[in-house]
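Lettering follows sequence order; numbering is per chain, from 1. Computed from a predicted structure; not experimentally measured.
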Amino acid sequence: MTDVGYSYLDELNDIQRQAATALDGPVMVIAGPGSGKTRVLTYRIAHMINLGVNPGNILSLTFTNKAAREMKDRIERVVGPKAQRVWAGTFHSLFARILRVEAHKIGYPNDFTIYDTDDTKSVITEIITQMNLDKKVYAPGVVRSRISAAKSNLITPKAYLANEELMAYDKMARRPLIHVIYEKYAAKCMRAGAMDFDDLLLQMFRLLYQNPDQVRDKYQMQFKYLMVDEFQDTNYLQYEILKLLTVYPGSKNNICIVGDDAQSIYSFRGATIENILQFENDFPDLQTYKLEQNYRSTQFIVEAANEVINHNKRQIQKKIWTDRIEGNKIKIIKASTETEEGKRVADTIIEQKNRHNLQNKEIAILYRTNGQSRIFEEQLRRHNILYRVYGGLSFYARKEVKDLIAYMRLTINDKDDEALKRVINYPRRGIGESTIENISKLADDNNMSMWEVLTKIDFNQRSRKSIGDFVQLIHAFKAKAAKSNAYEIADYIARNSGIIELLKADKSVEGLGRLENITSLLDGIKEFVDDDEIQVGEEMNTDKSLSTFLQTISLMTDADTKEENPDTVTLMSVHSAKGLEFKSVFVVGLEENLFPSFMALAEGNQVDEERRLFYVAITRAEELLCLTYAHSRYQYGNMRFNDPSRFLEEISDRNLDSIISIHKKPEFPEPKILGNFKPLGSKKPMLSVNVDDFVAANPNDIKPGMEVIHLKFGQGKVMSVDERLVASIVFDGLDENQEKRIMLQFAKLQIVT
DNA sequence: GGGGGCTATGGGGGG
DNA sequence: CATAGCCCCC
């Protein structure tokens, strides 16, 4: 292989290069932490494109949408803008995108709703109530996870009933009717034109499985090259979909899986390491590459990680090593209480920032449970250290936001019963619980949606008026939706549903906040509609329907949302930290019953997965690693005394800093200025252009060399316009020679010269 | 039918 | 400690 013209391959070591250039046939890459996996994945795709593979024929499945965007961004630096045509994203988001086109072929509307966990639980609760079952025994959360597990293993309600093992387990747990709930739940979702998260996979499977000629063929032809990152965290269903796409007569089996069994941490949602073993069976002629050199962490950290993971018996044989310096030994903080743990971590952060000149964004605090964030937030706030908490209640999970979104959902898909139940009496319009229950029952008895019941069945005089009003309201929304863009509909709904009025009446601080959230939501939709810029790593999105907006936000996690102040300390669960790296990492709450969690200890044989989780946690650190625990902490109301985590003992002394004894520090004085702590969601000011004099030009008139004015970015020069009518523009007011890509079909540009 | 206050209970990770 | 769910009163 000649290196001329392929300089990016020089950035890889031998084994990485072999993995990145083995394009044909099945490939398995076992990649230890920090082993340059992302680099291999990106250059592998770049290499394909350089050798003439059409980017649209590449399917690259990643664990988060953010990872996908970053990957495309990096590929673009090698092969240019066509990198954006690669199909890269999560299983859920890419399948949702395909289902938006194909869902009608399997009996769903293309504008299907995505039910979140709350919607799902609510449907299940309703079924349990209707069946007169004990809600204590049939806890909706438990039932939901049984159903989810069944779906993840391609077990239909009928197959569930026929499965002796599942039924025996349910009988033992005194829940023999889960299969009935499952069947009713599936029927209800179908009737509601709704898919839950598992359905995005399951219905994708059905689509491909049941339509071999029109659909499966098409996607087999389209996705000639498949790459799957974090394969150790895929479930059976996901793997079966991959096989439908890959295994067929004449197939070249161009599938590359990348993963690390030692980092498998999602078995609770159906992920199974068996997939890796099965892959070896299904593709016996596969080529295997092991990336064992760690470029991320210094020696003490790598050695400690090896010591820890070696306590697990079942493993794919590998030896992670590094040629980096020994670095700093791992620091242990032993605190008396969780409050002191928080203080000591905050103090240590300040010390590290001074001594090692660290920025906030180079530091992360990782915990086992999200509930642990609060104390660290308090302490960081005290010290005026900016931080951001991931994984908490996301913006779209807030009640008022969900309420408004429910109206939108119902307007787009009137079969969405969960949305209907949420808003039929909100704001209050005198349709009470018993009436709603009655409607729901009528819907079930007649196998129609609740909306159909409202529009087709006559009600007694008491509720007739209020129901009539509600039906009229939704009809008005639908009429508006037929002739307006997403923002106009949303704005109309917000103002005419009564939600804004209701919130305005609430003068409390919380009420004000809720109103602000509604405004932010509307702003967000406006931005979605108006956005004419193609961000780096983003594909050209020309579908600006409300329906698309709703689907996008259902699959968004707050790791995907943009951060406006980038220099913040990261607070997140170890699970969310997968794939990330930081110069300095604090792993906190290392106590028995917390990490490893009491659930894992109670269930038995889950300690190995907790250990893998701990392994993931410590391998996030590049140079500084600090492990902390508290002697006592409040858990559910009372003081608990837990022993230090067994994982601490698995690291030998030679990798540890001497244990620092507990010493009380004086209270840190309350800072005077807390002002620069800005809540998330506030908007940055836009460049001001006189809107009144503004006249947008016809897209076809924009030519390279012109000076133009953009409402958001100000004046700039058009550098080029491509065949998709995407212009590259350099704006005067912006940094460096940073070109913006603007979609002219949506652009608001005025020609100056 | 709606709101307020009290009691019991849960107890993890996420798309 | 939180908060969901329940009961009671308006």
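- We find that NZ of A/Lys578 is positioned 12 Å from C1' of B/dG15, with the value rounded to whole Å.
- A/Phe91 comes within 4.0 angstrom of no nucleic acid atom, judged by non-hydrogen atoms across all strands.
- A/Arg368 comes within 4.0 angstrom of a base, heavy atoms only.
- A/Ser573 comes within contact range of the sugar-phosphate backbone alone, with a heavy-atom separation under 4.0 Å but no base atom that close.
- Ion pairing between a basic and an acidic side chain is recognised when a charged N comes within 4.0 Å of a carboxylate O; A/Glu591 and A/Arg633 show such pairing.
- Here B/dG13 presents its P atom at 19 Å from CD of A/Glu230, a figure rounded to the nearest Å.
- Base engagement by A/Asp198 is indicated by at least one non-hydrogen atom pair under 4.0 Å involving a base atom.
- The pairing partner recorded for C/dC8 is B/dG3, the criterion being a Watson-Crick or G-U wobble arrangement whose two distances lie under 3.5 angstrom.
- Put simply, CG on A/Asn65 is 9 Å from P on B/dG15, counting in whole angstrom units.
- Atom-to-atom, CZ of A/Arg640 to C1' of B/dG10 comes out at 12 Å; the value is rounded to the nearest Å.
- Across the interface with DNA chain B, nearest-nucleotide mapping of A/Ser152 and A/Ala600 shows A/Ala600 to be the residue nearer the 5′ end.
- As judged by a 4.0 angstrom heavy-atom cut-off over every strand, A/Ser267 is placed among residues making no nucleic acid contact.
- Nearest-nucleotide positions on DNA chain B place A/Phe598 closer to the 5' end than the other of A/Leu201 and A/Phe598.
- As a whole-Å value, the separation of A/Leu601 CG from B/dG11 P is 17 Å.
- The pair A/Asp118-A/Lys121 does not meet the salt-bridge criterion, since no charged nitrogen lies less than 4.0 angstrom from a carboxylate oxygen.
- Looking at heavy-atom distances under 4.0 Å, A/Gln606 makes contact with a base.
- Residue A/Ser576 is in sugar-phosphate contact alone, with no base atom involved, counting any heavy-atom pair closer than 4.0 Å across all strands shown.
- Taking 4.0 angstrom as the limit, A/Asn370 places a side-chain polar atom (N or O) nearer than this to OP1 or OP2 of B/dG13.
- Remark: P of B/dG13 and CZ of A/Phe197 are 16 Å apart, rounded to the nearest angstrom.
- Heavy atoms of other residues, nucleotides or ligands lying less than 6.0 angstrom from CD of A/Glu501 number 12 at most.
- Nucleic acid contact for A/Arg144: base, since at least one base atom lies under 4.0 Å from a heavy atom of the residue.
- B/dG11 and C/dC6 have their P atoms separated by 16 Å, with the value rounded to a whole Å.
- When the side-chain nitrogen and oxygen atoms of A/Thr435 are compared with OP1 and OP2 of B/dG1, one or more of them lie within a distance under 4.0 Å.
- Applying the 4.0 Å criterion to OP1 and OP2 of B/dG3, one finds that A/Arg428 has a side-chain N or O inside that range.
- Of the side-chain N and O atoms in A/Asn593, none sit less than 4.0 angstrom from OP1 or OP2 of B/dG11.
- At a cut-off of 3.5 Å, with distance as the only test, a side-chain donor of A/Thr369 or A/Gln372 sits close to an acceptor on the other residue.
- Minimum interatomic distance between A/Ala419 and A/Ala406 (heavy atoms only, all atoms of both residues): CB-O, 3.4 Å.
- Side-chain atoms of A/Ser547 and A/Arg100 include a donor-acceptor pair closer than 3.5 Å.
- Seen from the ring of A/Tyr615, A/Arg612 does not count as a face-on cation partner, given the 6.0 Å and 45° thresholds.
- For the pair A/Ile114 CD1 and B/dG14 P, the computed distance is 19 Å after rounding to whole Å.
- Base contact: A/Phe268 has a heavy atom under 4.0 Å from a base atom.
- Not a single donor-acceptor contact under 3.5 angstrom links the side-chain atoms of A/Glu609 to the base of B/dG12.
- Proximity note for A/His92 (side chain, C-beta onward) versus B/dG12, B/dG15, B/dG13: the nearest is B/dG15.
- Atom P of nucleotide B/dG15 and atom CG of A/Leu61 are separated by 15 Å, given to the nearest angstrom.
- For A/Asn425, the side-chain atoms get nearest to B/dG2 when compared with the rest of B/dG15, B/dG13, B/dG2.
- As judged by a 4.0 angstrom heavy-atom cut-off over every strand, A/Asp196 is placed among residues making no nucleic acid contact.
- Contacts of A/Gln372 with the nucleic acid, taken as non-hydrogen atoms under 4.0 Å apart, are absent.
- Taking atom P on both nucleotides, C/dA4 is separated from B/dG13 by 16 Å, rounded to a whole Å.
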